[in-house]
There are 2 protein chains.
Amino acid sequence: MSCLTLPLGLPLEDIPELHESQMFTLLRKGDALFKQGMPFTGLFLVRSGSLKQVSTTSTDESLVTAYAMPGDLVGLDAIGQNAYPGTTLALETTTVSVLPQERLSELGAQLPALRQQLCRNLSQEVHNERLMLRLLLRRTAEARLAYFFVAMSERFRRRGYSPLRFRLALSRIDIGSYLGLTVETVSRTLARFHKQELLRSSGRDFHILDLEALSRLAEASGRRGGA
Amino acid sequence: MSCLTLPLGLPLEDIPELHESQMFTLLRKGDALFKQGMPFTGLFLVRSGSLKQVSTTSTDESLVTAYAMPGDLVGLDAIGQNAYPGTTLALETTTVSVLPQERLSELGAQLPALRQQLCRNLSQEVHNERLMLRLLLRRTAEARLAYFFVAMSERFRRRGYSPLRFRLALSRIDIGSYLGLTVETVSRTLARFHKQELLRSSGRDFHILDLEALSRLAEASGRRGGA
DNA sequence: CGACCTTTTGACCTTCGTCAACCTTAGTGG
DNA sequence: CCACTAAGGTTGACGAAGGTCAAAAGGTCG
């Protein structure tokens, strides 16, 4: 879904911390990696499991704003205000590697390429989010969900997992929150997908039957609103 | 609306190019500052007038994705893919200062603070857009528009202009596109605001009568979808 | 002045949020 | 191991918000 948490271009191989296996942190389901508002202390690389970021707005709404899976870098959006902009919770048993801020600064000084890549990733992400969300803004529930699963599929594919069968630790409530829909609508739409033989879901396991058609749905159906 | 185009923290004072008055580029209404897909050549600082960024998606929809007014920095979202992600058009007679890429690199090397600030602005922006749009995703047309005008008001205020009376060169179509609404809905909602004595609009001139109430509207009315 | 665009207003109909009931899964303690 | 509970998920009925279509009224520019 988001390139922020998918920094494929980053020369992460150059960072020993992230590849030496002893420095893992273990989280159990429901544990917080960090809480909203905590001062920025560093970035995290997800090794196994998955997490969701929940941001609580000034009006006390909590929104799921990101989903991180193995290989994703978590915490980049904290750099701006030097604090984590949302609470990040483990959705299952999860391990992460830590990249402390000091080390990040050092590395930034040593490797200009890293800094540059980081900037690029951020810039890219700004545009992605803008476009994606503005697109979602004028899409039906059907298209939003189709888009969501196509994006997830792509994400799994890039990691070398099956793009057609995967498990999402997110609840329907979380998915709804992420897409701006109610649980009921998510549920009903998934039922429709099932009936149309597009996507079969059982609990948190998903099986895409017709990626082509889903992609078309994601792009096609929408409300108007030219420029 | 967006902090990307409002980089108040940037030490722009240190960049002579942006403050020597001879280096202006003049654009007439409808002129493109750059077109979508063009390779990144530099950033622009808006001196007078205003511009809109229009991004055309793979499905041929054009979405207004940003609005730039005097003081805004334009082009930051091009750094990621080394190309401008949208066409930027002058909405009226507009002047901009140019900050070419080479100069930007030089400056980045000389002033680490600049680079850092740039990164921070980008990171901040990622989070802002995420939150803002995800919030809009679950808001009624009324709340979206209220939010839009409150944000605009704030933006004018910061620049030293009146936060209650201002002119937006955007058409209703553009505003609709920006917020994911149809023209008709924008028009009808503005009519309602007028009737409720919240916001008076005549053409492209806007006069906020009750900022308090608008803010409340922006936050309150919404659909559900917890986390 | 006339062509064209933007804006407004009305009538209609779809989508999806809301409320409510019910079912299923997972976790707990006897 | 099973009963109980709670959370998550599904399904139906209903209504409101807003998209769609249509038409008319301003505005703007040639």
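Below, chains carry the letters A, B, ... as their sequence lines are ordered, and counting in each starts from 1. No hydrogens, no waters, no symmetry mates; every other heavy atom, side chains included, goes into these values.
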Using only side-chain N and O atoms of [X], determine if any of them is under 4.0 Å from OP1 or OP2 of [N].
{"X": "A/Arg172", "N": "D/dT10", "value": "yes"}
{"X": "B/Thr182", "N": "D/dG18", "value": "no"}
{"X": "B/Ser187", "N": "C/dT7", "value": "no"}

Protein-nucleotide distance ([X], atom [atom1]; [N], atom [atom2]), rounded to Å:
{"X": "A/Arg200", "N": "D/dG9", "atom1": "CZ", "atom2": "C1'", "answer": "18 Å"}
{"X": "A/Arg204", "N": "C/dT24", "atom1": "CZ", "atom2": "P", "answer": "17 Å"}
{"X": "B/Ile175", "N": "C/dT7", "atom1": "CD1", "atom2": "C1'", "answer": "12 Å"}
{"X": "A/Arg188", "N": "C/dT14", "atom1": "CZ", "atom2": "P", "answer": "17 Å"}
{"X": "A/Asp205", "N": "C/dA26", "atom1": "CG", "atom2": "P", "answer": "10 Å"}
{"X": "A/Leu137", "N": "C/dT15", "atom1": "CG", "atom2": "P", "answer": "18 Å"}
{"X": "A/Arg144", "N": "C/dC16", "atom1": "CZ", "atom2": "C1'", "answer": "10 Å"}
{"X": "B/Lys52", "N": "C/dT6", "atom1": "NZ", "atom2": "C1'", "answer": "12 Å"}

Exercise. For residues A/Gln53 and A/Thr65, is any side-chain donor paired with an opposing acceptor at under 3.5 Å?
Worked result: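 A donor-acceptor contact under 3.5 Å links the two side chains.
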Pairing of [X] and [Y] as salt bridge, 4.0 angstrom limit:
{"X": "B/Asp72", "Y": "B/Arg47", "value": "no"}
{"X": "A/Arg200", "Y": "A/Asp205", "value": "no"}
{"X": "B/Glu142", "Y": "B/Arg139", "value": "no"}

Any protein N or O atoms within reach of nucleotides 22-30 of chain D? Criterion: under 3.5 Å, listing atom names and distances.
none

For this session: Please find out if less than 6.0 Å separates the ring center of A/Phe34 from that of A/Phe40.
Result: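 Not close enough - the centres of the two rings lie 6.0 Å or further apart.
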Exercise. How bent is the helix from C/dC1-D/dG30 to C/dG30-D/dC1, comparing axes over its five end pairs at each side, to the nearest 10°?
Worked result: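 The angle, to the nearest 10 degrees, is 50°.
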Problem set entry | Which residue lies more 5' along DNA chain D, comparing B/Arg192 with A/Leu170 via nearest heavy atoms |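 It is A/Leu170 whose nearest nucleotide is closer to the 5' end.
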Exercise. Once the angle between the rings of A/Phe166 and A/Phe206 is folded into 0 to 90°, is it parallel (under 30°), tilted (30 to 60°) or perpendicular (over 60°)?
Worked result: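 Ring orientation, 0 to 90° scale: tilted.
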